[in-house]
Asker: 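Have a look at the structure that comes next, please.
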Amino acid sequence: MDSSAFNSAELQNLINQEKQKAMVNEMVAKLTSTCWDKCITGTPGSKFSSSETSCLTNCAQRYLDLSVMITKRLQSMP
């Protein structure tokens with residue numbers, strides 16, 4: 001695609017979409033690392049124990065809830 005075909009608004013929209021994708025990827029990486037370190041204490045086997053599964057679920061949910069809360073707070077700031 002010819003770069004001259006983009007107008008400024010389209011280019012800005014594309015840049016914003018790519019930034020959002022990068023932010024989501026970064027958040028997933030942080031969530032994975034944080035929850036793995038917190039919940040998986042031994043050498044993982046072929047499947048998670050029930051306590052590991054519960055911990056991972058709760059950790060991920062808290063992380064996502066906190067991310068939503070922070071995002072809403074930042075959006076409400078002038």
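Basis for what follows: all heavy atoms, side chains included, without hydrogens, waters or symmetry-related copies.
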Asker: Find the distance between CZ (R73) and CD1 (I70) and round it off to the nearest 0.5 Å.
Answerer: 9.5 Å
Asker: Are any side-chain N or O atoms of E18 and backbone N or O atoms of I15, one a donor and one an acceptor, separated by less than 3.5 Å?
Answerer: no
Asker: Does T71 reach the main-chain N or O of S67 with its side chain, forming a donor-acceptor pair under 3.5 Å?
Answerer: yes
Asker: Return yes when atom CE of M27 has more than 12 non-hydrogen atoms of other residues, nucleotides or ligands closer than 6.0 Å, and no otherwise.
Answerer: yes
Asker: Please report the closest heavy-atom contact between L56 and C39, naming both atoms and the distance.
Answerer: N-SG, 3.5 Å
Asker: To the nearest 0.5 Å, tell me how far T32 OG1 sits from K30 NZ.
Answerer: 12.5 Å
Asker: When you compare the side chains of N16 and Q20, does any donor N or O come within less than 3.5 Å of an acceptor on the partner?
Answerer: no
Asker: Is any side-chain heavy atom of L64 less than 4.5 Å from a side-chain heavy atom of V68?
Answerer: no
Asker: What I'd like to find out is whether the side chain of Q61 reaches to under 4.5 Å of the side chain of D65, using heavy atoms alone.
Answerer: yes
Asker: With clusters defined by side-chain heavy atoms of hydrophobic residues (ILVMFWY) lying less than 4.5 Å apart, directly or transitively, does L74 cluster with L66?
Answerer: yes
Asker: Please test R62 against N58 for side-chain contact (heavy atoms from CB on, under 4.5 Å), starting from the C-alpha separation and ending with a verdict.
Answerer: CA-CA 6 Å; R62 283 192 310 268; N58 291 334; 3.6 Å; yes
Asker: On a heavy-atom basis, which atom in K38 and which in C59 lie closest, and how many Å separate them?
Answerer: CD-SG, 4.2 Å
Asker: Looking at T53 and F48, what are the two nearest heavy atoms and their distance?
Answerer: OG1-CB, 3.5 Å
Asker: Say you draw a straight line from NZ of K19 to CD of Q12; how long is it, rounded to the nearest 0.5 Å?
Answerer: 6.5 Å
